[in-house]
Amino acid sequence: MEITFEMIDDILISVLSGELDHHSSGEIRDTIDHTYDTFQAKHIILSFEEVTFMDSSGVGLIMGRYNKVRERKGKIAVVGCNEYITRILDLAGIYTIARCFVSTKEAVAAFEEGGEGEIWNAETE
Amino acid sequence: MEITFEMIDDILISVLSGELDHHSSGEIRDTIDHTYDTFQAKHIILSFEEVTFMDSSGVGLIMGRYNKVRERKGKIAVVGCNEYITRILDLAGIYTIARCFVSTKEAVAAFEEGGEGEIWNAETE
Amino acid sequence: MERRNRIKLEMLCVSENEAIARNIAAVFVAPLDPTVEELTEIKTAVSEAVSNAILHAYGAEKDGSIYLEMEADTSGKITIIVEDRGIGIEDVKKAMEPLFTTGDSRERSGMGFTVMESFMDKVQVDSSPGKGTKVTLIKSLDRIHGF
Amino acid sequence: MERRNRIKLEMLCVSENEAIARNIAAVFVAPLDPTVEELTEIKTAVSEAVSNAILHAYGAEKDGSIYLEMEADTSGKITIIVEDRGIGIEDVKKAMEPLFTTGDSRERSGMGFTVMESFMDKVQVDSSPGKGTKVTLIKSLDRIHGF
Ligand SMILES: Nc1ncnc2c1ncn2[C@@H]1O[C@H](COP(=O)(O)OP(=O)(O)O)[C@@H](O)[C@H]1O
Ligand SMILES: Nc1ncnc2c1ncn2[C@@H]1O[C@H](COP(=O)(O)OP(=O)(O)O)[C@@H](O)[C@H]1O
C-alpha cells in the first residue's frame with residue numbers, strides 16, 4: 001500500500017493505492033495523521049480510486065480519521081470507491097460521518113462551498 | 001490450457017495457450033495425436049507463443065510428438081519459445097530432435113524448403 | 001476442475017499473512033471459474049477472518065498459528081475454515097453484531113463478521129473461551145456461466 | 001516483508017494441485033519483491049516437485065497427500081519443502097540424472113530434477129523406499145533491487 005498527499009487550502013487529499021487491510025492500515029493511519037498535523041490541515045479527503053482491495057480495516061481508517069478531523073471541526077470525504085468498497089462502507093453506515101464523491105474535484109468543490117449550516121454528515125449520495 | 005490447429009499442406013500447426021504442466025499435457029497430447037491422425041499430417045509445428053507457463057512436461061510433449069512424426073518420416077519444430085521455455089528445452093537438448101524458430105511462418109518456410117538431404121535433426125538455432 | 005479438492009494450511013500469526021491467506025484462497029478458487037465478484041467476496045471474507053485471528057486471538061504473545069482449510073466440492077460449493085487456538089470469544093452472538101469490537105475502538109470498526117456474513121452465503125462461528133475460534137465460511141459459486 | 005515467515009500446506013494428490021501449489025508459492029514469495037525471473041524459476045521448480053509426487057509417489061491408489069512447507073528468512077532466502085509419504089526412490093543419484101525416468105518414457109522426459117537444479121540454488125532429495133520422498137528447494141533472492 002502506498003499513499004501520496006496533496007494540500008488544497010486546508011484540505012489534505014490522501015491518495016491510497018494498493019491493498020488496504022489490517023496489516024497495511026496501521027502504517028497508513030500514522031502517515032495520514034502525521035501529515036495532517038504537520039500541514040495543520042482541517043479537512044481530509046481519502047481517495048480510494050487506486051485501492052485494489054479493501055476489507056473492514058478501511059472502515060476503521062475512515063472512522064479514526066473522522067475522530068481526528070472533528071477535533072478541528074473539519075470534515076471527511078471519501079472518493080472513487082468501487083462497488084466492493086461501497087458495499088462495505090454502506091454496511092457500516094459510513095455516510096453518517098463521511099460524504100462520498102465520484103472524484104476528488106467534486107469533493108474539493110463541496111468543501112469549498114459548504115458553509116457551517118450544511119447538514120453535511122447526514123447527507124448521502 | 002487451450003489448443004487450436006491449422007493445416008498448411010502436410011504440416012499440422014498446433015498453437016498452445018495457457019499453462020503447460022503434467023496436468024494439462026495429458027489432454028493436449030491426446031488432442032494433438034488425434035488431430036494429426038485425422039488430418040493425415042506429416043510434420044508438426046508446436047507454437048509456444050501463448051504459453052504462459054511450462055515445466056518439463058513440455059519436453060515430454062515434444063519428445064512424444066517426435067516419436068509420432070518419425071513413424072511418417074515427418075519432422076517437428078517448436079516456435080515462439082520465451083526465455084524460460086528455451087532454458088528448459090536447452091537443458092533437455094531438445095534441439096537434437098526438434099528445430100526452433102521465432103515464428104510459425106519461418107518454420108513453415110523451412111519445412112517447405114527442406115529436402116530429405118538436410119541434416120535437420122542435428123541443426124540448432 | 002471437476003474433482004473435489006481440499007488444501008490445509010498452517011501459517012504464522014503475522015499480519016503479512018492476511019494478504020497471503022486471501023491470495024491463496026483466490027488461487028484455490030480460481031480454477032473453479034468464479035466471477036470477479038465471487039472472487040472478491042471470498043478474498044474479503046478470508047481477509048476478515050484471518051485478521052481477526054491475528055488481531056484478537058493470541059493477545060500479547062502473538063506466536064500462535066492460524067489454520068486454514070479450503071474445500072471445493074463438485075457442485076462448486078466452497079467451504080473455508082479459519083481456525084485459531086487463541087483466547088476464544090465469550091459471547092459469539094454479541095461479537096457478531098455490527099460495530100461491536102473489543103479492539104481499539106478508534107481504529108477497529110467491529111464490522112468484520114458483518115462483512116463476512118454479507119459477502120458469503122453462510123458464516124458459522126464456533127468458539128469457547130480459552131480454546132480458540134473456528135470460523136466456517138461457505139459460498140456456492142454460481143455455475144451457470146461455467147462448464 | 002521483513003519478518004521471517006512460514007506456511008505449511010497439505011494437499012490432495014490430484015494433478016489440479018500442480019497449478020495451485022506453484023501459484024501458492026508465487027503468492028508466498030511475491031511480498032519479498034522477487035524479480036519476474038526468480039518468481040518463474042521458483043514456480044517451475046515447485047511444479048516439478050509436486051508433479052513428481054502426484055505422478056510417481058503413490059502408484060495406483062492415488063489417495064495420498066502432499067505436504068509443502070515454505071519458509072522465508074529475513075535475508076531473502078526461500079526454502080520450499082515438497083514431501084510425500086509414497087513409495088520413495090531406490091537410487092536418488094540415478095533418479096536425478098538428466099533424462100532418467102521410470103514414467104512412460106514416451107511422455108515423461110526425466111528432466112524434472114534437472115530443471116529443479118537449474119532453476120534453484122540448491123536441491124536436496126531425501127528418500128527411502130516405502131517411506132516417501134522429501135525434496136528441499138532453496139533459493140536466495142537477489143535483494144539488491146529490493147528494499
Ligand atoms: N479469532 C478471534 N479470537 C478472539 N476474539 C475474536 C476473534 N474474532 C473476533 N473476535 C471478537 O469479536 C469482535 C468482533 O469482531 P469483528 O466483527 O471482526 O470486528 P473487529 O475485528 O473490527 O473488532 C472482536 O472485536 C473480538 O472481540
Ligand atoms: N516423489 C517421488 N516419489 C517416487 N519416485 C520419484 C519421485 N520423484 C521422482 N521420482 C523418481 O525419479 C525419476 C526422475 O524424476 P524426474 O527427473 O522428475 O523426471 P520425470 O518426472 O520426468 O520422470 C522419476 O521417473 C521417478 O522414478
Side-chain angles (χ1 to χ4, degrees), chain B residues 1-2 14 16-34 36-37 44 46 48 50-72 76 78 81-98, chain D residues 11-23 25-26 35-57 62 66 82 95-120 123 135 137:
Chain B
M1 167 123 273
E2 308 228 312
S14 314
L16 311 179
S17 73
E19 308 205 339
L20 182 56
D21 60 10
H22 157 242
H23 174 68
S24 59
S25 65
E27 211 181 310
I28 289 299
R29 176 186 68 209
D30 294 344
T31 311
I32 294 175
D33 288 356
H34 180 78
Y36 182 76
D37 290 338
I44 292 181
L46 292 168
F48 289 90
E50 287 161 39
V51 172
T52 50
F53 174 87
M54 190 191 93
D55 62 17
S56 72
S57 312
V59 177
L61 186 78
I62 298 171
M63 284 173 20
R65 280 350 91 220
Y66 171 67
N67 289 325
K68 186 103 189 154
V69 298
R70 266 209 307 189
E71 291 168 15
R72 291 189 200 147
I76 194 155
V78 293
C81 299
N82 69 24
E83 169 194 348
Y84 308 103
I85 294 176
T86 302
R87 272 170 71 187
I88 293 173
L89 299 185
D90 271 343
L91 281 174
I94 206 77
Y95 305 116
T96 58
I97 62 168
Chain D
M11 40 175 65
L12 295 180
C13 236
V14 295
S15 58
E16 289 89 341
N17 281 336
E18 293 160 13
I20 289 180
R22 67 177 175 262
N23 288 329
T35 61
V36 176
E37 187 171 348
E38 287 166 340
L39 207 55
T40 305
E41 290 166 336
I42 290 169
K43 282 178 71 175
T44 308
V46 169
S47 193
E48 298 291 356
V50 170
S51 298
N52 274 353
I54 289 167
L55 197 60
H56 303 298
K62 294 273 178 205
I66 312 170
V82 179
M96 293 182 77
E97 282 171 13
L99 303 173
F100 176 86
T101 180
T102 58
D104 177 347
S105 69
R106 287 162 314 166
E107 299 300 341
R108 291 303 294 174
S109 61
M111 292 302 294
F113 282 125
T114 310
V115 168
M116 288 183 239
E117 288 191 306
S118 166
F119 280 26
M120 301 296 284
V123 177
V135 177
L137 306 165

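Chain letters run A, B, ... following the sequence lines, proteins first, then strands; residues in each count from 1. Note that the structure is a prediction, hence the values are computed from the model and not measured. Side chains are part of it too, since the values below use all heavy atoms of this structure and drop only hydrogens, waters and symmetry mates.
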Select one option (side chain, backbone, both, neither) describing which atoms of Glu37(D) are under 4.5 Å from chain B's heavy atoms.
-> both
Mind running salt bridge (Lys or Arg N to Asp or Glu O under 4.0 Å) on Asp55(B) and Lys43(D) for me, showing each step along the way?
-> CA-CA 9 Å; Asp55(B) 62 17; Lys43(D) 282 178 71 175; over 6 Å; no
Chain D heavy atoms under 4.5 Å from Phe53(B): which part of the residue, side chain, backbone, both or neither?
-> side chain
Working to the nearest 0.5 Å, report the span between OG of Ser56(B) and CG of Asn52(D).
-> 7.5 Å
Given that the side chain runs from C-beta out, which part of Val36(D) has a heavy atom under 4.5 Å from chain B: side chain, backbone, both or neither?
-> both
At their closest point, which heavy atom of Phe119(D) faces which heavy atom of Tyr84(B), and how far apart are they?
-> CZ-O, 4.1 Å
What are the two closest heavy atoms between Leu99(D) and Ala92(B), and how far apart are they?
-> CD2-O, 4.5 Å
Identify which of Gly112(D), Ser118(D), Pro98(D), Ser51(D) forms the greatest number of heavy-atom pairs closer than 4.5 Å to chain B.
-> Ser118(D)
Taking non-hydrogen atoms and a cut-off under 4.5 angstrom, which of residues 23-34 of chain B neighbour chain D?
-> His23(B), Arg29(B)
For each of Thr114(D), Val115(D), Thr40(D), tally heavy-atom pairs with chain B at distances under 4.5 Å, and name the one with the top tally.
-> Thr40(D)
Interatomic distance, Ile54(D) atom CD1 to His22(B) atom NE2 [nearest 0.5 angstrom] = 7.5 Å
Quick one: pull up CD1 in Ile94(B) and OG in Ser109(D) and give me the separation to the nearest 0.5 Å.
-> 8.0 Å
Quick one: are Glu107(D) and Met63(B) in side-chain contact, heavy atoms under 4.5 Å?
-> no
Residue pair Thr44(D), Ile88(B): steps toward the side chain to side chain contact (heavy atoms under 4.5 Å, CB included) verdict | CA-CA 10 Å; Thr44(D) 308; Ile88(B) 293 173; 4.0 Å; yes
What option among Arg22(D), Met111(D), Glu41(D), Glu48(D) has the most heavy-atom pairs under 4.5 Å with chain B?
-> Arg22(D)
